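Lettering of chains follows the sequences in order, A, B, ..., and the numbering in each one begins at 1. Remember, it's a predicted structure, so these values are computed and weren't measured experimentally. Side-chain atoms are counted along with the backbone in the values below, which use heavy atoms only and exclude waters and symmetry mates.
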Amino acid sequence: MIRSVAIVALGVVLAAATATVTVTVKKTAIRSEKQFFAPAVAAATYHQSLAVVKKEGDWYLVDVNGKKGYVHASAVTGGEEKEGSASGFTSLFGGEGKKQSKNEEVAMAGKGLQKHSDEEIALAGKGFNAQVEEKYKDKNPTIDFDKVDRMEKIGVSDGAVVAFMKEGGLTPREGGR
Amino acid sequence: MKKLAVALALLLVPAPALAIDFGEAALKLWEKKDAIVETAKAVRKGTQDLTPQEEHYIGRAVAANILARYDMVIDAERTPYLNTVGQALAKASDRPETFGGYHFVLLRADDEINAFAAPGGFVFITTGLYKSLANEEELAAVLAHEVAHVSLKHGLGAIKSANLTKAFTILGTEAVKEYGAPEVAQLTEVFEGSIDDIVNELVVNGYSQSQEFDADEEAIKTAWRAGYDPSGLAAFLATLRERSAHADEAGFFKTHPPASDRLKKAEQFAKRKKLAGDPSAVRAKRFGRYALK
């Protein structure tokens with residue numbers, strides 16, 4: 001009986017796993033609309049699993065602790081086979097480009113995890129990582145990573161970019177692919 | 001991979017059925033899941049199999065090597081300006097998000113027209129190049145070109161296959177997250193070789209002509225999508241053509257295809273794709289505020 005319950009639970013967990021994507025970037029915003037610079041409703045961090053409601057063009061509508069919002073395909077893995085750069089600009093700033101004209105419902109169960117997802121999740125934190133970088137620094141003491149750290153700290157807020165674009169009359173064009 | 005598919009298919013059978021028919025088998029497979037995933041992992045072969053996180057660490061080391069050769073310029077005005085233009089373009093690119101995001105800095109080299117992009121999104125342009133720009137459209141074109149090298153993973157493509165094979169072989173035998181000293185030493189050696197491959201390509205040899213042409217096309221599309229006049233690239237290439245006609249300069253001229261060839265292809269591409277826009281007096285004035293004397 002206990003074993004059956006455990007297996008049922010396992011099945012439920014695994015079935016749910018088919019409807020998730022995993023974050024592959026340090027941090028990303030879950031946005032209220034499928035466009036960059038749209039207000040963030042939540043944040044997600046590296047290796048976080050996000051429950052997928054559906055896929056719309058290059059965006060996934062996900063549920064994060066009850067909050068629904070959009071994450072771009074280039075920030076996650078899983079959900080679909082991914083070759084090369086995940087992308088498509090048609091949806092980046094909203095609007096309904098060619099690829100968005102039909103919403104793609106993500107297969108919710110029964111299809112299994114995709115190749116890329118399996119491998120990337122299995123490899124999280126492995127390979128060329130901080131541990132290897134430390135050793136590399138030891139071997140190459142004249143190469144200064146402090147400057148790289150400073151460079152990585154340079155950031156611009158979404159609000160600043162939006163204001164800058166508005167000031168410069170930059171209206172994103174869609175459907176360019 | 002077939003084993004993995006079968007295993008996962010079994011594991012994903014609806015729960016009640018699992019409980020009745022496949023209980024023992026499922027439990028055994030669950031116990032072996034790490035080994036199965038390990039098998040999947042071992043099939044990594046090419047640069048496309050590097051994870052975004054690995055790309056990030058490679059990019060950091062390449063960036064550190066570039067910054068060992070040049071002084072980084074960070075000032076209160078141009079650095080935010082460069083990064084704001086850069087972010088607008090990155091989000092319009094084919095790869096808007098990378099592991100650590102895109103970052104843009106100037107390198108102090110007044111006599112050198114050059115730009116680099118390290119994997120993962122570390123973008124550099126020399127003060128010599130910046131000074132040669134006429135307006136924001138041209139700046140956008142240059143930044144979009146470098147973002148395209150990141151998006152198209154041209155830097156990673158410079159890693160020799162022997163180094164990648166070695167890395168994946170070491171990783172394929174190691175399942176733990178923390179490596180022992182021998183594995184770290186081996187991986188570091190391969191890492192070092194991979195960084196050298198990329199730095200040599202970026203700084204010494206340059207990308208192939210076809211990679212540069214591809215990056216030009218991506219740059220035109222990206223600048224256009226972000227709202228810029230995509231003819232900024234052609235305008236900048238025309239300037240380069242003039243400069244290259246009577247100058248024996250290092251850097252860009254040595255590592256890039258002739259500007260005249262790029263200009264011709266860029267104009268043809270924009271015309272074919274009907275990508276056009278209008279220059280903006282507001283943006284021209286804005287660029288003037290950030291000009292380098």
Side-chain angles (χ1 to χ4, degrees), chain A residues 3-4 7-8 10-12 14-15 18 24-26 28 36-37 72 74-75 84-85 87 89 92 109-110 112-113 115 118-120 122-133 135-136 139 142-145 147-148 150-152 154 156 160-161 164-165 167-173 176, chain B residues 4-5 8-9 11-12 14-16 18-19 23 26 30 37 40-41 44 48 51-52 54 57-58 60-61 63-65 67-68 72 74 79-80 83-84 87-88 91-92 94-100 103 105 122 151 171 177 179 184 187-188 191-192 221 224-228 280 282-283 286:
Chain A
R3 175 172 289 186
S4 296
I7 294 167
V8 168
L10 176 64
V12 169
L14 287 169
T18 60
T24 58
V25 297
K26 267 188 207 171
T28 191
F36 281 106
F37 310 123
H72 193 262
S74 62
S85 62
S87 65
F89 179 79
L92 295 183
L113 297 172
K115 173 174 170 274
D118 289 336
E119 291 172 9
E120 289 184 14
L123 290 164
K126 299 175 185 173
F128 297 146
N129 58 15
Q131 202 181 357
V132 173
E133 182 180 290
K135 186 79 178 171
Y136 178 79
K139 287 182 75 180
T142 57
I143 295 174
D144 186 0
F145 277 76
K147 289 179 187 171
V148 183
R150 283 178 67 199
M151 188 176 174
E152 277 206 74
I154 299 169
V156 185
V161 179
F164 178 87
M165 292 177 75
E167 178 203 56
L170 292 168
T171 306
R173 302 181 180 99
Chain B
L4 177 67
L8 287 171
L11 288 170
L12 292 167
L18 261 179
W30 179 248
V37 171
K41 186 187 72 178
R44 297 211 294 171
Q48 73 278 8
T51 66
E54 288 174 313
Y57 280 104
I58 290 169
R60 276 177 56 83
N65 273 271
L67 291 170
M72 180 166 73
I74 292 189
T79 304
N83 279 274
T84 312
Q87 292 304 330
K91 298 303 188 212
D94 276 359
R95 193 175 175 209
E97 299 214 37
T98 62
F99 185 82
H103 308 278
V105 292
F122 300 88
S151 173
L171 294 169
K177 209 163 188 171
Y179 301 113
V184 172
L187 268 179
T188 305
F191 184 73
E192 204 164 18
K221 281 195 285 186
W224 180 81
R225 291 169 187 156
Y228 282 102
S280 154
V282 174
R283 293 197 291 274
R286 178 162 70 184

Which one, A:T142, A:V156, A:T171, A:L170, leads in non-hydrogen pairs under 4.5 Å with chain B? A:L170

Specify which of B:T98, B:I74, B:T188, B:V105 makes the most heavy-atom pairs with chain A at under 4.5 Å. B:T188

Which bit of B:I58 is near chain A, if near means a heavy-atom gap under 4.5 Å: side chain, backbone, both or neither? side chain

For A:T28, which residues count as a side chain to side chain contact (heavy atoms under 4.5 Å, CB included) partner, sequence neighbours excluded? A:V23, A:V25, A:A44, A:V71, A:A75, B:E97

Counting heavy-atom pairs under 4.5 angstrom with chain A, the leader among B:V282, B:T79, B:N83 is B:N83

Side chain A:K147, main chain B:L67, donor-acceptor under 3.5 Å: yes

Considering only NZ, NE, NH1 and NH2 on the basic side and carboxylate oxygens on the acidic side, decide whether B:D94 and B:R225 come within less than 4.0 Å. yes

Quick one: list whatever passes side chain to side chain contact (heavy atoms under 4.5 Å, CB included) with B:A64, sequence neighbours left out. A:I143, A:F145, A:V148

Short side-chain to backbone donor-acceptor contact, B:R60 and A:E152, under 3.5 Å: no

B:T84 versus chain A, the contacting section by heavy-atom distance below 4.5 Å: both

Heavy-atom pairs under 4.5 Å with chain A: which of B:A68, B:A61, B:A63, B:S280 has the most? B:A61

